[in-house]
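The chains referred to below are lettered A, B, ... by the order of the sequence lines, with proteins before strands, and numbering in each begins at 1.
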Amino acid sequence: MDTPSNNARSWDRLTRRARSASAPEDVDVRAAVRAEISSPQPQFQAASLFDEVVVLFRSRWLQAGFAVLALSAFFTCHQSLDVVNEIAWIWQFQGPVLAGI
Amino acid sequence: MDEDLVLVQAAQAGDLDAFDQIITRYQSTVTAMLHRFSVSRADLEDMVQETFVRAWRALPQWRPDKPFLHWLKRIAANIGLEFCRRHQRSPFSRLVQPTEEGHPLDHIASHEGATSGDDLTGVQFILSHLPPDDRALLTLLHLEQLPLNEIAAHFGWSKVKAKVKAFRARQRLKTILTRHGYTLE
């Protein structure tokens with residue numbers, strides 16, 4: 001992985017040669033730009049709140065967020081189950097102890 | 001410079017022919033700058049087109065006290081940064097272990113017959129393994145050879161932030177280069 005190269009390769013030399021690469025000279029975007037700026041801009045129409053919510057819930061990041069939330073809730077409950085059992089177990093001894101006192 | 005002013009003011013007033021002349025005048029400069037980000041013809045044309053479309057939409061904000069080309073380059077630099085963000089590699093690509101045939105990074109421009117175009121492709125490939133901000137910063141710093149102050153101004157960073165980012169980007173680059181047998185010098 002960290003083995004040195006058999007022929008010394010220099011980043012400086014590589015970038016120096018890369019800088020001399022010429023860009024294509026025949027790029028002409030005039031027609032494409034004119035077509036795009038001449039076309040009417042799509043007007044924003046306020047969708048109903050329901051549509052907005054539906055669109056929001058379709059987004060991957062929100063779905064992933066909910067999935068993570070659900071998983072972490074599951075694990076928290078799963079892990080705290082033992083603790084709850086232990087508390088219940090201690091609780092059931094508390095009655096006789098208190099009665100003894 | 002005065003001709004710039006006349007053309008830009010005409011374009012600000014909605015003159016499409018004047019804007020056509022602006023494009024004719026500056027598209028080779030913008031193309032050369034964005035070519036540092038991608039050698040792919042399709043990507044390059046998209047970026048150049050997007051630069052001028054955004055420039056047209058932002059024309060009302062341009063003020064004659066700043067050079068028009070500098071303003072245009074700022075838009076182009078941000079298009080380049082967005083390109084890096086869109087074409088970001090998975091963070092796990094940096095953890096790829098070499099196989100028996102080696103790692104793709106080991107074979108970049110190692111042969112003598114490599115052209116400058118091959119070298120540019122190689123540099124872009126290496127930089128593509130960095131986070132997008134680092135990639136854009138080092139592209140402008142090492143390939144376009146812009147001063148750090150100018151890069152900071154293009155991306156709306158403070159000079160200190162640009163210096164810190166450049167230092168961290170170089171460190172990350174050094175790690176990748178060392179791993180694949182390159183030296184920074």
Side-chain angles (χ1 to χ4, degrees), chain A residues 1-47 51-52 54-72 74-75, chain B residues 16-17 19-21 23-24 27-36 39 41 44-53 55-57 97-98 103 106 108-110 112 114-124 126 138 141-145 173-174 176-185:
Chain A
M1 183 169 49
D2 287 332
T3 50
S5 123
N6 42 9
N7 52 338
R9 288 175 291 175
S10 152
W11 170 254
D12 241 21
R13 201 171 0 164
L14 190 65
T15 48
R16 208 178 314 131
R17 282 170 54 97
R19 276 197 293 273
S20 62
S22 52
E25 290 170 3
D26 55 341
V27 171
D28 190 354
V29 294
R30 278 176 301 173
V33 171
R34 187 176 270 244
E36 193 161 343
I37 61 184
S38 304
S39 62
Q41 288 272 89
Q43 294 294 313
F44 175 76
Q45 289 179 334
D51 287 345
E52 292 287 329
V54 168
V55 169
L56 194 65
F57 273 82
R58 274 184 192 156
S59 59
R60 294 279 175 227
W61 63 267
L62 195 71
Q63 290 174 354
F66 275 121
V68 169
L69 205 65
L71 270 174
S72 52
F74 171 77
F75 279 115
Chain B
L16 285 172
D17 291 331
F19 195 64
D20 255 6
Q21 287 184 56
I23 298 175
T24 309
Q27 66 181 349
S28 58
T29 310
V30 172
T31 303
M33 182 177 176
L34 291 171
H35 187 239
R36 314 287 197 193
V39 289
R41 175 80 187 209
L44 183 60
E45 284 187 352
D46 281 351
M47 285 193 284
V48 176
Q49 183 184 331
E50 186 60 23
T51 301
F52 284 105
V53 169
W56 169 262
R57 290 183 183 145
Q97 298 296 314
H103 189 281
D106 293 335
I108 286 172
S110 53
E112 283 302 312
T115 63
S116 55
D118 294 336
D119 289 331
L120 180 59
T121 310
V123 170
Q124 287 173 351
I126 290 173
L138 292 181
L141 197 65
H142 290 183
L143 293 177
E144 190 64 11
Q145 290 192 296
L173 176 67
K174 194 177 175 183
I176 292 175
L177 291 177
T178 311
R179 187 179 295 165
H180 296 285
Y182 287 85
T183 57
L184 256 177
E185 296 76 33

Novice: Which region of B:Glu45, side chain (C-beta onward) or backbone (N, CA, C, O), has a non-hydrogen atom less than 4.5 Å from a non-hydrogen atom of chain A, or is it both or neither?
Specialist: both
Novice: Please classify the contact between B:Asp46 and chain A as side chain, backbone, both or neither, with a heavy-atom cut-off of under 4.5 Å.
Specialist: neither
Novice: Let me know if A:Arg34 has heavy atoms under 4.5 Å from chain B in its side chain, its backbone, both or neither.
Specialist: side chain
Novice: Using non-hydrogen atoms and a 4.5 Å limit, figure out which bit of B:Leu16 sits close to chain A: side chain, backbone, both or neither.
Specialist: both
Novice: Does any non-hydrogen side-chain atom of B:His35 lie less than 4.5 Å from one of A:Ser22?
Specialist: no
Novice: Measure the CD-CZ distance between B:Gln21 and A:Arg30 for me, rounded to the nearest 0.5 Å.
Specialist: 9.5 Å
Novice: Find the distance between CD (B:Gln145) and CZ (A:Arg16) and round it off to the nearest 0.5 Å.
Specialist: 10.0 Å
Novice: Evaluate side chain to side chain contact (heavy atoms under 4.5 Å, CB included) for B:Arg41 paired with A:Val27, printing each intermediate quantity in order.
Specialist: CA-CA 9 Å; B:Arg41 175 80 187 209; A:Val27 171; 4.0 Å; yes
Novice: Rounded to the nearest 0.5 Å, what separation is found between the CG atom of A:Asp28 and the OG1 atom of B:Thr24?
Specialist: 6.5 Å
Novice: Does B:Trp56 form a side chain to side chain contact (heavy atoms under 4.5 Å, CB included) with A:Val33? I'd like the steps, not just the answer.
Specialist: CA-CA 9 Å; B:Trp56 169 262; A:Val33 171; 5.6 Å; no
Novice: Provide the closest heavy-atom pair for B:Leu143 versus A:Ala18 in the form atom of the first, atom of the second, distance.
Specialist: CD2-CB, 3.9 Å
Novice: Chain A heavy atoms under 4.5 Å from B:Leu44: which part of the residue, side chain, backbone, both or neither?
Specialist: side chain
Novice: Side chain, backbone, both or neither: which part of B:Thr31 has a heavy atom under 4.5 Å from chain A?
Specialist: both
Novice: Apply side chain to side chain contact (heavy atoms under 4.5 Å, CB included) to the pair B:Ile126 and A:Leu14, showing each step before the final yes or no.
Specialist: CA-CA 11 Å; B:Ile126 290 173; A:Leu14 190 65; 4.0 Å; yes
Novice: For A:Ser38, which atoms come within 4.5 Å of any heavy atom of chain B: side chain, backbone, both, or neither?
Specialist: side chain
Novice: Quick check: does any side chain N or O of A:Arg19 sit under 3.5 Å from a backbone N or O of B:His142, one acting as donor and the other as acceptor?
Specialist: yes
